[in-house]
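Scroll down for the structure; my scribbles are underneath it.
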Amino acid sequence: MDDDKWKQIEADTYWCLTKILDGILDNYTFSQTGTQKALDKIKDITKKIDNNLYKHLNNNGINFSFFSVKWMFCLLIREFPLKVGMRLFDTYISDDQGFSVLHIYVCTALLLKWSVKLKKMDFSEMMVFLG
């Protein structure tokens with residue numbers, strides 16, 4: 001490959017990284033304000049859509065931060081096969097607020113998808129399942 005092609009690849013890579021970091025930078029600051037806001041939103045959406053699941057988690061001493069912090073920090077890349085993770089990142093990048101908004105809804109959707117199963121579990125089973 002010639003130098004012009006490498007420069008174009010470098011510029012595209014830099015743009016993609018900048019786009020990703022713009023949406024998630026607040027998750028990685030000292031106070032982690034972005035993470036706390038996201039956890040609150042996941043909790044609120046869950047409570048609104050499936051109040052029984054929300055109550056079950058609370059009644060069993062499950063704090064949303066026990067599992068959601070990892071989901072926010074790792075952007076779910078550890079929860080899915082690489083191919084699915086890459087598709088998820090592609091979707092986040094293509095959306096103007098993908099990492100800051102769409103990711104919250106994806107995390108909540110995962111929780112809600114397993115609602116029936118989670119409601120049958122106790123604390124330790126949920127920690128293993130969600131962790």
Side-chain angles (χ1 to χ4, degrees):
M1 250 188 290
D2 63 359
D3 276 352
D4 287 339
K5 189 67 173 171
W6 279 112
K7 287 178 184 178
Q8 183 64 42
I9 291 169
E10 181 182 15
D12 289 346
T13 304
Y14 178 81
W15 178 86
C16 286
L17 181 60
T18 301
K19 173 90 168 131
I20 291 169
L21 292 177
D22 280 347
I24 62 172
L25 192 58
D26 283 347
N27 292 348
Y28 304 101
T29 59
F30 178 71
S31 62
Q32 299 173 344
T33 55
T35 300
Q36 190 54 52
K37 286 178 189 174
L39 294 179
D40 291 342
K41 287 179 185 176
I42 291 170
K43 197 183 309 182
D44 291 342
I45 296 166
T46 302
K47 186 176 183 179
K48 221 177 255 186
I49 295 174
D50 191 344
N51 194 36
N52 291 332
L53 174 61
Y54 177 81
K55 286 178 183 177
H56 181 70
L57 293 169
N58 281 335
N59 292 340
N60 282 280
I62 300 289
N63 187 321
F64 277 69
S65 65
F66 292 169
F67 56 91
S68 295
V69 168
K70 182 180 82 167
W71 292 357
M72 296 311 296
F73 284 169
C74 298
L75 301 169
L76 296 173
I77 202 69
R78 296 174 67 188
E79 313 307 318
F80 295 112
L82 181 60
K83 205 171 194 174
V84 175
M86 288 173 50
R87 178 66 178 117
L88 195 56
F89 266 58
D90 186 50
T91 303
Y92 290 159
I93 291 168
S94 68
D95 187 288
D96 284 338
Q97 296 180 319
F99 285 101
S100 58
V101 176
L102 182 60
H103 182 63
I104 291 166
Y105 286 98
V106 170
C107 290
T108 307
L110 277 177
L111 192 58
L112 295 172
K113 177 184 180 5
W114 298 110
S115 176
V116 172
K117 189 171 187 169
L118 287 167
K119 289 177 195 172
K120 295 176 184 173
M121 297 179 181
D122 62 16
F123 176 85
S124 59
E125 292 170 322
M126 284 189 280
M127 288 304 297
V128 169
F129 185 79
L130 294 170

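Of the inter-residue distances, the one linking L57 atom CG with L53 atom CG reads 4.5 Å to the nearest 0.5 angstrom. Atoms NZ and OG1, on K37 and T35 in that order, are 11.0 Å from each other to the nearest 0.5 Å. The structure places CD1 of I104 at 6.0 Å from CD1 of I42, a figure rounded to the nearest 0.5 Å. Atoms NZ and CG, on K43 and N58 in that order, are 7.5 Å from each other to the nearest 0.5 Å. For the atom pair CG (L102) and OG1 (T91), the distance works out to 7.0 Å, reported to the nearest 0.5 Å. The distance from the OH atom of Y54 to the CD1 atom of I49 is 14.0 Å, given to the nearest 0.5 Å.
Contacts of D12 classified as side-chain hydrogen bond (donor to acceptor under 3.5 Å, both in side chains), with partners at least two apart in sequence or in another chain: Q8. In this structure, W15 has no ring-ring contact (aromatic ring centres under 6.0 Å, His included) partners at least two apart in sequence or on a different chain. Taking the ring-ring contact (aromatic ring centres under 6.0 Å, His included) definition, one finds that F129 meets it with W114, sequence neighbours left out. In this view, D95 satisfies the side-chain hydrogen bond (donor to acceptor under 3.5 Å, both in side chains) rule with no residue, not counting sequence neighbours. Residues satisfying the side chain to side chain contact (heavy atoms under 4.5 Å, CB included) test with Y105, not counting sequence neighbours, are I45, V101. Residues passing the side-chain hydrogen bond (donor to acceptor under 3.5 Å, both in side chains) test with S124 are D122, sequence neighbours excluded. In this structure, the salt bridge (charged side-chain N to carboxylate O under 4.0 Å, His left out) partners of E79, at least two apart in sequence or on a different chain, are K70. Listed by chain and residue number, S65, F66 satisfy the side chain to side chain contact (heavy atoms under 4.5 Å, CB included) test with N63 (two or more places apart in sequence, or in another chain). Listed by chain and number, the residues in a ring-ring contact (aromatic ring centres under 6.0 Å, His included) with F89 are F99 (sequence neighbours excluded).
Using modelled atom types, one side-chain atom of H56 and one backbone atom of L118 make a donor-acceptor pair closer than 3.5 Å.
Applying the salt bridge (charged side-chain N to carboxylate O under 4.0 Å, His left out) definition to pairs two or more places apart or across chains, those involving residues 44-66 are D50-K119. Counting only residues at least two apart or in different chains, salt bridge (charged side-chain N to carboxylate O under 4.0 Å, His left out) contacts with residues 82-91 comprise R87-D90. A salt bridge (charged side-chain N to carboxylate O under 4.0 Å, His left out) check over residues 98-110, counting only residues at least two apart or in different chains, returns nothing.
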- Item | Intermediate values then yes/no, side chain to side chain contact (heavy atoms under 4.5 Å, CB included), L88 and I77 | CA-CA 9 Å; L88 195 56; I77 202 69; over 6 Å; no
- Show your working on side chain to side chain contact (heavy atoms under 4.5 Å, CB included) between L76 and H103 and close with a plain yes or no. CA-CA 9 Å; L76 296 173; H103 182 63; 3.6 Å; yes
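Residues L130 and W71 come closest through the heavy atom pair O-NE1, 4.0 Å.
Hydrophobic clustering, with ILVMFWY side chains joined whenever heavy atoms are under 4.5 angstrom apart, keeps M86 apart from F80.
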